[in-house]
Amino acid sequence: MSLFRRSNSGDVARERLRIVLMQDRISLAPQLMERMKEDLVDVISRYVDVDRGKIEVEWRRTGGEPALVANIPVRSVKRGVASDDRAS
Amino acid sequence: MGESLVITSGKGGVGKTTATANIGAALAMMNQKVVLVDADIGLRNLDVVMGLENRIVYDLVDVVEGFCKLKQALIKDKRVEGLYLLPAAQTREKTAVTPEQMKNLVGQLKEEFDYVIVDCPAGIEQGFRNAVAGADRAIVITTPDVSSVRDADRVIGLLESAGFEGPLLVVNRIKPKMVDRGDMMDIGDILDVLAIDLIGVVPEDETILVSTNRGEPAVFNGSSRAGQAFRNIARRLRGEEVPFMNLAEVQGLWGRLRKFVGLE
Ligand SMILES: Nc1ncnc2c1ncn2[C@@H]1O[C@H](COP(=O)(O)OP(=O)(O)OP(=O)(O)O)[C@@H](O)[C@H]1O
Ligand SMILES: [Mg+2]
């Protein structure tokens, strides 16, 4: 069956382990998630006005790789973001 | 002044007690003075694995509570010079001893012995904290499966935050044939995720069960492959460079061993 031929179980184990350890290590360091959130917001706030209280960052597995998915509600967009001021 | 080692794992049943008995006996065979300390209070096992269960009079808790002198509780192994066991109490709880008391006890033993080897209980609660309290170095045992390696990672994190530098890894119960056909993680895979130094690879071996049945550590059996692997671990602990046996996949990996893979 193709299901079993996909890859050897040793490889499957290694991949699952890699991902579960990422999640374990992150969840054991909640301050790290918080700091990352703060840093993200600081950067994004330079361009748009965001609602700091409503930000969500979480792990999600879409396909193979785990992904950090951020939901950052935007209150307003600053005037002039469209023009690239660094170029001038 | 000797050195203290704790043998730990997180997950239960991966071979801590087997490793404690065999590494300890192997060190004694190398003319070292060794004491094995069973810190698994309430679930003592090291005595039966060593075949010394009939000679227990006092135990670790008796010593800590002052019912007997430390020397009175030590059981001398008659098969090899310089090997002793300090058994755990069987009818008490892990909380009968504090980390501070364990630290004192191990400190006293280090004055008499070259190696004090502490067999840690499974888990990461008080029993774990007691077992690591007096240890200078830690050996982490894992088997090549996802849950065991995951728990090893957790324990390595705890050891590092407790101030241990460079815990050493033993991968136990490797089946080279399964690794060859791709149905078992190999040593490289495990080292990649755990990112600590390897001190030994022990094959799955029926002689372990036979030797446990008899109460004779496998290192006493010259033809046991697992026994050979444990003797090699003892030599590496003594600072000798010993190549990893029979597992080609380990050999080419020395360069990768120290590679740091992970989040940090
Ligand atoms: N290399 C090996 N080959 C075959 N069997 C093994 C091997 N290592 C350990 N075992 C067996 O696995 C079982 C568990 O081993 P052991 O008691 O040493 O584990 P442990 O980590 O001390 O367990 P616990 O967490 O309960 O204290 C025993 O029956 C032992 O004989
Ligand atoms: Mg045990």
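In the text below, chain A, chain B and the rest are named by the order of the sequence lines, each starting its count at 1. Please read these numbers as outputs of a predicted model, since none were measured by experiment.
- Counting only heavy atoms from C-beta outward, the side chains of A/Arg18 and B/Asp189 never approach each other to under 4.5 Å.
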Quick one: side chains of residues 6-14 of chain B, donor-acceptor pairs under 3.5 Å with protein atoms, not counting sequence neighbours, listed by atom name and distance.
unit_1, atom_1, unit_2, atom_2, d
B/Ser9, OG, B/Lys11, O, 2.5
B/Ser9, OG, B/Lys16, NZ, 2.9

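- For chain B, the nearby part of A/Asp11 is the backbone; its heavy atoms alone come within less than 4.5 Å.
- A/Asp42 is linked by a salt bridge (Lys or Arg N to Asp or Glu O under 4.0 Å) to A/Arg52, counting only residues two or more places apart in sequence or in another chain.
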Validation: residues 97-105 of chain B side-chain donor-acceptor distances under 3.5 Å, sequence neighbours left out:
unit_1, atom_1, unit_2, atom_2, d
B/Thr98, OG1, B/Gln101, N, 3.1
B/Thr98, OG1, B/Gln101, OE1, 3.3
B/Gln101, OE1, B/Thr98, N, 2.9

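- Interface with chain A: from residues 138-151 of chain B, residues B/Val146, B/Val149, B/Arg150 qualify, criterion being any non-hydrogen pair under 4.5 Å.
- At most 12 heavy atoms of other shown residues, nucleotides or ligands fall within 6.0 angstrom of atom CD in B/Glu206.
- Contacts between B/Arg154 and chain A at a heavy-atom distance below 4.5 Å involve the side chain alone, from C-beta outward.
- The environment of B/Glu165 atom CD is sparse: at most 12 non-hydrogen atoms of other residues, nucleotides or ligands sit within 6.0 angstrom.
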Exercise for review: Please test A/Arg14 against B/Asp192 for side chain to side chain contact (heavy atoms under 4.5 Å, CB included), starting from the C-alpha separation and ending with a verdict.
Suggested key: CA-CA 10 Å; A/Arg14 187 189 51 223; B/Asp192 271 354; 6.0 Å; no
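- For B/Met184, the part lying under 4.5 angstrom from a heavy atom of chain A is the backbone only.
- Atom CG of residue A/Leu21 and atom CG of residue B/Asp153 lie 4.5 Å apart, to the nearest 0.5 angstrom.
- Minimum interatomic distance between A/Ala13 and B/Met185 (heavy atoms only, all atoms of both residues): CB-CG, 3.8 Å.
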